[in-house]
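Throughout, protein chains are lettered first and strands after them, A, B, ... in sequence-line order, and every chain is numbered starting at 1.
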There are 4 protein chains.
Amino acid sequence: MPSTTAKTPDVSRRSERSRKAILRASMELVGEVGYTKLTIEAIAARAGVGKQTIYRWWPSKAAVLLDAFTEVVRSEDYQAGIPDTGDIEADLKTVLRATADEFSDAAFEAPYRALAVASAADAELAEQFVRRLQEPGLEVYIARLRAGQQAGQIDPDLDLRLATEVLLGPFQQRWLNRSGPLTHEFADRLVEMALRAFAPRA
Amino acid sequence: MPSTTAKTPDVSRRSERSRKAILRASMELVGEVGYTKLTIEAIAARAGVGKQTIYRWWPSKAAVLLDAFTEVVRSEDYQAGIPDTGDIEADLKTVLRATADEFSDAAFEAPYRALAVASAADAELAEQFVRRLQEPGLEVYIARLRAGQQAGQIDPDLDLRLATEVLLGPFQQRWLNRSGPLTHEFADRLVEMALRAFAPRA
Amino acid sequence: MPSTTAKTPDVSRRSERSRKAILRASMELVGEVGYTKLTIEAIAARAGVGKQTIYRWWPSKAAVLLDAFTEVVRSEDYQAGIPDTGDIEADLKTVLRATADEFSDAAFEAPYRALAVASAADAELAEQFVRRLQEPGLEVYIARLRAGQQAGQIDPDLDLRLATEVLLGPFQQRWLNRSGPLTHEFADRLVEMALRAFAPRA
Amino acid sequence: MPSTTAKTPDVSRRSERSRKAILRASMELVGEVGYTKLTIEAIAARAGVGKQTIYRWWPSKAAVLLDAFTEVVRSEDYQAGIPDTGDIEADLKTVLRATADEFSDAAFEAPYRALAVASAADAELAEQFVRRLQEPGLEVYIARLRAGQQAGQIDPDLDLRLATEVLLGPFQQRWLNRSGPLTHEFADRLVEMALRAFAPRA
DNA sequence: GTGTAAACGAGACGGTACGTCCTGTCTTTAT
DNA sequence: ATAAAGACAGGACGTACCGTCTCGTTTACAC
């Protein structure tokens, strides 16, 4: 029976108090100084924790931040899902407008961009970033689109996965590249164009 | 009046040999060690150049890399534009498939991702990145779509700018997030879905 | 009356097995890595003992080593005393030559030097070091010199304490400073010179 | 022609200001906190210097301290030599009493003990310590003893090197081990006993 | 041609943060 | 209650780079 203990620390002995303090300090600091100037030393100092306690449990500052952000966002969003008023265009616009607003809020934007950037640079982190933060978001879109299919508003043969990419890809691109403003106007136009692609074939 | 200009170096006395060596060393090193482990000191050492020579002419290592990459890519792509066989779907698929292949080539991918990442993190760099590397790419798409409009294959009222975002956003998203493979299959499906959105209204 | 004694651990419950393992590990390690690189953690690990068990019973790693060394040396030397053949010069040379050999043996030298060094740096340890390891050595010299006085070979008014310092001080100095080799030649010359000082006044 | 440059820093570019500040800070700090608690970081901070500047020029904190101490002591002592009033006993007592006083002065004692301890632990340092600080001291004794030989007060066949060890060894031993007080009384008795050993044979 | 001023290669500098190591304390579980 | 185990806060280690700052040494234009 393997149970490779080796040098992995004992999770049952982990200090919850320290864990919380570290995540909290990370979120505070990334807002104050930005991701590039965020240092493990500063996190440890702010959290009142030894550096080793961070290195023991996380492989990088990005991983810390991912945990911190996940903890905050957990189910806060996503859980509700996308409203279904029967009017899919209105519903998608509502949600995408809200998302645009969220991405315009610095408190949300700073750590989220930090994670997106770190993920783009680090494949291992990316896997976690996508799975823990992006996938859940896609799922609620897929659910709403599926309802749209049943309501006859969406092509029943549509590749829903690809559909969400068409809807959200342009959005993320604008945001990451800062190649344009994330206005309600933009959200509306994007939804309209996407829905033309999603519509049942004549 | 002396017009001191103080600290701006004299471009006419700039050493072309050093400039080339620096750009070359940057491209080599970013391929060997990756962007995060790329250091100014290593570039200077590899290029046989004093550090100050780099600091004199570039504000950051990302800026060096942007110059290096621009030099390589210069007009190599883009200049030709997108072929126009009359079949816009086939033409777009051809180009997007080629792009997918390009982004799968490590020699291209490493520095380009480095720049994309650095741009996502740094607004000032982003402006240059978008203007010098992304915009020219968009333009050729816009040109082809405009031709499609004239040929009656594309909705004449279509917002062509937004259209390119719908076409390329999902592509960039997959690539940056590594959320899926950049296959020809993907390129084809993406073009097909986009064209449904771009088609003239019934 | 409870006689709490609060924080002094209960000696009667002390694990003899752990004590032995710790002393043994200390001696081994000081030989392998030297005193400066000797760590409490390594001793604990080698001894298969918790760190706290060391901290509970010893105030410092030097104290551990002092115990370890004392245990080994205990009475092994000293007990026999210095031989008395009637020829004090020969007797002293014999002993000092033997001492020179002992100090040239790495197995003895490493821990003893470690203790001497630690003692020179730490007054509290020094007191113990001198009392438990050096004084017993001096006593046997004093005893032999006293016999020499009675035999009329040594000045009856000689300060025997100071005499041992004159005999052993130069020896220790050479050894500690490595300012010269501890040869039999050196031992002989030192004894001869000292005895000129110890001789009865004309 | 070898001249192994390799990675040795360029001495001609060395900052004299930094060198002085480092040596000064070392001496201050060793007095304030003692040798064991003396850290390179603290020296760098006090000197207003980067740590690398210390690591670049010295192999260890002991080496820094040796330089610092040497700079202070340089020729201050030793240069004058031992007075020669014709009465060698009085002269030696004068000097040894003065030395006893010096070793009782904390400002001198702290760094000197630090060096002695570090030297006892580190052979490489010891070589320098002996050569730069101890040998010059011995030389002045040898010179005075030689004068004594010419004056007929000292055995012309005496091994002067060994003689200085007999005189100073007991002194250093007492001091390092703290095995007794360094009083004028002690100095006098030691000189008297040594001179009995040094006297011309009857 | 020579003089002078900038750019250059080199690299020392004051710093910051890294990731590792060890200290001495504290907590948990087992004997 | 002591012990083994090991997580913890703290702090120094020695290293790697940062961006700035001299140093001489080219280099190229002005005279």
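Non-hydrogen atoms lying under 4.0 Å from DNA chain F are contributed by B:Thr39, B:Ile40, B:Glu41, B:Lys51, B:Gln52, B:Tyr55, all within residues 33-57 of chain B.
Residues A:Arg132 and A:Leu66 are in side-chain contact: their nearest non-hydrogen atoms beyond the backbone lie under 4.5 Å apart. With contacts defined as side-chain heavy-atom distances shorter than 4.5 Å, the pair C:Leu65/C:Lys61 does not qualify.
Residues forming a side chain to side chain donor-acceptor pair (under 3.5 Å) with A:Ser15 (at least two apart in sequence, or on another chain): A:Ser18. Listed by chain and number, the residues in a side-chain contact (heavy atoms from CB on, under 4.5 Å) with B:Arg14 are B:Arg19, B:Trp57, B:Trp58 (sequence neighbours excluded). Residues that satisfy the side-chain contact (heavy atoms from CB on, under 4.5 Å) test with C:Thr36, not counting sequence neighbours, are absent from this structure. Partners of B:Lys51 according to the salt bridge (charged side-chain N to carboxylate O under 4.0 Å, His left out) rule, which considers only residues two or more places apart in sequence or in another chain, are B:Glu41.
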Using atom types as modelled, flag every donor-acceptor pair under 3.5 Å from a side chain in residues 120-129 of chain C to any protein atom, sequence neighbours excluded.
unit_1   : atom_1 : unit_2   : atom_2 : d
C:Asp122 : OD1    : C:Glu124 : N      : 2.9
C:Asp122 : OD1    : C:Leu125 : N      : 3.4
C:Glu127 : OE2    : C:Arg131 : NE     : 3.2

Donor-acceptor contacts, no H, no angles, side chain residues 21-34 of chain B, under 3.5 Å, sequence neighbours left out:
unit_1  : atom_1 : unit_2  : atom_2 : d
B:Arg24 : NE     : B:Glu28 : OE2    : 3.2
B:Ser26 : OG     : B:Ile22 : O      : 2.7
B:Glu28 : OE1    : B:Arg46 : NH1    : 2.6
B:Glu32 : OE1    : B:Arg46 : NH2    : 2.8
B:Glu32 : OE2    : B:Arg46 : NH1    : 3.2

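Look at CZ on D:Arg17: it is 14 Å from P on F:dC23, rounded to the nearest Å. Rounded to a whole Å, the CZ atom of D:Arg19 is 17 Å from the P atom of E:dA12. Between the CG atom of D:Asp10 and the P atom of E:dA10 there is a distance of 13 Å, given to the nearest Å.
Not one side-chain nitrogen or oxygen of A:Ser18 sits closer than 4.0 Å to the OP1 or OP2 atom of F:dA7.
Put simply, the side chain of B:Arg56 never gets that close to the backbone of B:Pro9: no donor and acceptor are under 3.5 Å apart. At least one donor-acceptor pair closer than 3.5 Å links the side chain of A:Arg178 to the backbone N or O of B:Ser119.
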Exercise. Using a 4.0 Å heavy-atom cut-off, write out nucleotides 24-31 of chain F from 5' to 3' as B (base contacted by protein), S (sugar-phosphate only) or - (no contact).
Key: ---BB---
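In this structure, the helix from E:dG1-F:dC31 to E:dT31-F:dA1 shows an angle of 10° between the axis at its start and the axis at its end, each fitted on 5 base pairs and rounded to 10°.
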